[in-house]
Amino acid sequence: MIVMKFGGTSVGSAGSIRAVVELVRARLRRKPLVVVSALAGVTDALESAARAALRGTISVAAIRRRHVDVLRELDLATTLIDPEFRELDEILRGIQLLGELSPRSLDYVMSFGERLAVRILAAFFVKSGITATAIDAYDLGLVTDSGFGRARPLDRAYDRIAEVVLRERRRGLLIVTGYIGKDERGNVTTLGRNGSDYTAAIIGSSLGVEEIQIWTDVNGVMSADPELIPSARSIAELSFDEASEVAYYGAKVLHPATIQPAVSKNIPVRVLNTHAPTEPGTLIIGRARKSDGPVKAIVCKRGITVVSVVSTRMLMQHGFLAKIFDVFDRQRVVIDLVATSEVSVSCTTDSDENLDAAIRELRGFADARVQGRHAIVAAIGSGIREARDVPARFFGALGRERIGAEMISQGATRTNLSALVRESEVSRAVQALHREFFDDDAACVAAAARPASRRKAPLAGVVRRGRS
Ligand code: ASP
Ligand code: MG
């Protein structure tokens, strides 16, 4: 069995939906279960509709038209979605009437995108000659906590899903909503934006499937943000650790939490492109094959604030670090990098929430300084562990660009070498590092500079590009 998850752009138009049906048809032998996101843009539109209702205006016409257009193009009855729109209208009127939009109502409104998508898709599967049933994930056993906007499955959801799927599969191909669940009281919840990947991983791990396929609109996980690096390429294989690192830095193709349920069951996750299905994409597995170079991706995270705690007196005294982290813990400030010296401890965070309160507390016992507008730039790859020259190349590349690293970190797993730079310099930093570790010319120069006996094969998969 496999799980095939299709994102919003994969079901964004009648054309893509046709492509999806053929992709699934070609894999029927592997007994797929399909997970679907809302049509591209619909979740945002629903959120706006909820906020408009709060301000007194009900406006779902555009959302409705979006779905009706697709239904017409697929030659399906437009009445198919009437029940959902009646229900949506009712809840929006409730929000308007009460003048109140709770996280619970917001989740309820935002759940309609997936609920509409599965119904349209299932109808089109049936029309295309494949017996299929639309099913809302909560009717499949996906019970969550009540953390509206970022709900998490309860432990028993996994067993329950396995049980219900076994029963429901007799009804044909299951087309399941991504992103949503219900809490124990029956309230609709959402798993957080882009949560459909997470749904796919939860279901896949419940069933112990042979593979989870995440169908997107890019050729897998890229070696860098293609907007910054037009020559970025897709990564053939990533270990779960590497993938988590990359996802943590916001690679848009993968929700970080996706990894978790799949990791625990050691289920491979393959990221594929609906619009270029013959591309190999990226395979994410427990232990990835060694890559050709030590570094698989150059990533960055902007909007970083540095907090430096300086104290001459008690810094390295027993319990001092604990005291600092206790403050961050209590104020729920998430820390990324940490660096210590005899006279200072520096930490970075990407949240401003409660940061002021934390600083105030820190100043109660030390001198705390804050600097905003920084960014973390990182090289990811488990090969960093063995390749001894990675730090030299990393800092050499930054140094040649006159970019200073204000903090440096390499964790114990050594799949991540990261540095803190000024936010204004981060694009240049990513470019310099990508050139160093991926660019063919740079690789050849580096290889030529090494003594022949230690020369490694040039980076495979490197496409030669002209320097125009
Ligand atoms: N439709 C939801 C969103 O836009 C979930 C997803 O796309 O995965 O966030
Ligand atoms: Mg999405």
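Counting convention: from 1, in listed order, for ligands and their atoms alike. Heavy atoms only: backbone and side chains are in, while hydrogens, waters and symmetry mates are out.
- Salt bridge status for Lys296 with Glu242: present, with a side-chain N to carboxylate O gap under 4.0 Å.
- Between Tyr108 and Phe112, the ring planes lie tilted relative to each other; the angle falls in the 30° to 60° range.
- Shown in contact with Glu114 at under 4.0 Å from a heavy atom are these atoms of ligand 1, numbered in order with element: 1 (N), 2 (C), 5 (C).
- Set against the non-hydrogen atoms of Gly195, the atoms of ligand 1 under 4.0 Å away are 5 (C), 6 (C), 8 (O).
- Each of the atoms 3 (C), 4 (O), 9 (O) of ligand 1 lies under 4.0 Å from some heavy atom of Arg193.
- Between Asn194 and ligand 1, a contact under 3.5 Å exists for at least one N or O pair.
- The two residues Thr274 and Trp215 have their closest heavy-atom pair at OG1-CB, 3.4 Å.
- At a 3.5 angstrom cut-off on N or O pairs, Thr43 counts as close to ligand 1.
- Contact annotation for Ser37 and ligand 1: only side-chain heavy atoms (C-beta onward) come within less than 4.0 Å of the ligand.
- Scanning all heavy atoms of the two residues, the minimum distance from Pro153 to Tyr158 falls at CG-OH, 3.7 Å.
- Between Ile359 and Val307 the shortest heavy-atom distance is CD1-CG1, 3.8 Å.
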